[in-house]
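Encoded as structure tokens, the structure appears first; notes follow it.
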Amino acid sequence: MRILALLLLLSSFAVAQSPERQSYFAHIAAANSAFRLNEPAEAKRWLEAAPAVHRGWEWHHLSRLLHTSLSTVQPEGEKPTNLAISPDGLIAALAHANGSIRLCDARSFQEIRTLEGHTATTYSTAFSPDGQVLFSCSRDSTLRAWDVFSGEMLWTVNSDGHGLACVAGHPDGKKVACASWFRDPERGVTGIVGLYDASDGSVIWKSEFGVKPILGLRFSPDGSRLAAGNWDGQVGIWRLDQP
């Protein structure tokens, strides 16, 4: 995408531009920016509005980048708040605002079973590396683990926060991380990151981070680090391979 931006800049200098051509390059630049910000609908809107007479390789390049899906499926019923795919690519977990989680065939999206237990919006789900366990977190402030094949709830734990926003499974399958937040009368909103034993939900450690809710958690591929990002655009990283 940096190459695209550079070539667009060079093109703007190389060609004597009419107002219409200037408008075209402005639309392409806006579409490129929206794509880089992970806003495909906005990028598509700018592309469709670009004057057709000037559409060149840059327009077609961005258009191809925005249409990489193999197919589109509209799941039945309530729209999901989150989607997770099992490691083998066969099962999709759809989280819903009513707290339920629907396990579906990832190709046809036909429902396999529904997991019931959360009493408020389920915000995030994550499969264990072997695909046998699904972890979920919810506005009801609980982190839960489910047997994917039986639908049985394996365990549930309450956090110290007000709602849980995101969950991530450790690559070794033995730990799971979850993020929440709480409101302190003096300090205001504070983010919380927790690491739990994946077998029973017992707490391994917890850490405060930032002054806004945390929206993203990721383990490094080797599992030695955990990263969290919050509403303030801050990223915190914890070393897990040190005592």
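- In this structure, the salt bridge (charged side-chain N to carboxylate O under 4.0 Å, His left out) partners of Arg45, at least two apart in sequence or on a different chain, are Glu42.
- In this structure, the salt bridge (charged side-chain N to carboxylate O under 4.0 Å, His left out) partners of Glu208, at least two apart in sequence or on a different chain, are Arg187.
- Side-chain atoms of Trp146 and Ile101, non-hydrogen and from C-beta on, do get closer than 4.5 Å to each other.
- Follow the hydrophobic side-chain contacts under 4.5 Å out from Phe135 and you never reach Leu103; the two are in separate clusters.
- Contacts of Asp197 classified as salt bridge (charged side-chain N to carboxylate O under 4.0 Å, His left out), with partners at least two apart in sequence or in another chain: none.
- By the side-chain contact (heavy atoms from CB on, under 4.5 Å) test, Ala97 is found to be paired with Glu78, Thr81, Thr121, residues two or more places apart in sequence or in another chain being considered.
- Ion pairing of Arg239 with Asp241 is present here, as a side-chain N (NZ or NE/NH1/NH2) and a carboxylate O approach within less than 4.0 Å.
- Taking the side chain as every heavy atom from C-beta outward, Trp59 and Ile28 approach each other to under 4.5 Å.
- Not a single donor-acceptor pair under 3.5 Å links the side chain of Arg139 to the backbone N or O of Tyr123.
- Partners of Asp147 by salt bridge (charged side-chain N to carboxylate O under 4.0 Å, His left out), not counting sequence neighbours: none found.
- Listed by chain and residue number, Ala95, Ser124, Thr125 satisfy the side-chain contact (heavy atoms from CB on, under 4.5 Å) test with Asn82 (two or more places apart in sequence, or in another chain).
- In this structure Asp222 satisfies the side chain to side chain donor-acceptor pair (under 3.5 Å) test together with Ser220, Ser224, sequence neighbours excluded.
- In this structure Ser207 satisfies the side-chain contact (heavy atoms from CB on, under 4.5 Å) test together with Trp205, Trp238, sequence neighbours excluded.
- For Trp46, the ring-ring contact (aromatic ring centres under 6.0 Å, His included) partners at least two apart in sequence or on another chain are His27.
- When hydrophobic side chains of Ile, Leu, Val, Met, Phe, Trp and Tyr are connected at separations under 4.5 Å, Val235 ends up clustered with Ile237.
- Leu62 places a side-chain heavy atom less than 4.5 Å from the side chain of Asn32.
- Remark: Ile204 CD1 to Lys175 NZ distance equals 6.0 Å, nearest 0.5 Å.
- Contact of the Leu94 side chain with the Phe109 side chain is registered, since non-hydrogen atoms from C-beta on lie closer than 4.5 Å.
- Listed for the Ser33 side chain is a donor-acceptor partner under 3.5 Å among the backbone atoms of Ala29.
- Contact of the Leu217 side chain with the Val167 side chain is not registered, since no non-hydrogen atoms from C-beta on lie closer than 4.5 Å.
- Remark: His170 engages Phe219 in a ring-ring contact (aromatic ring centres under 6.0 Å, His included) (not counting sequence neighbours).
- Between Leu90 and Asp105 there is no side-chain heavy-atom pair separated by less than 4.5 Å.
- Proximity of a side-chain donor or acceptor of Ser138 to a complementary backbone N or O of Ala120 within less than 3.5 Å is detected.
- Residues satisfying the side-chain contact (heavy atoms from CB on, under 4.5 Å) criterion with Gln132, sequence neighbours excluded, are Asp130, Phe149.
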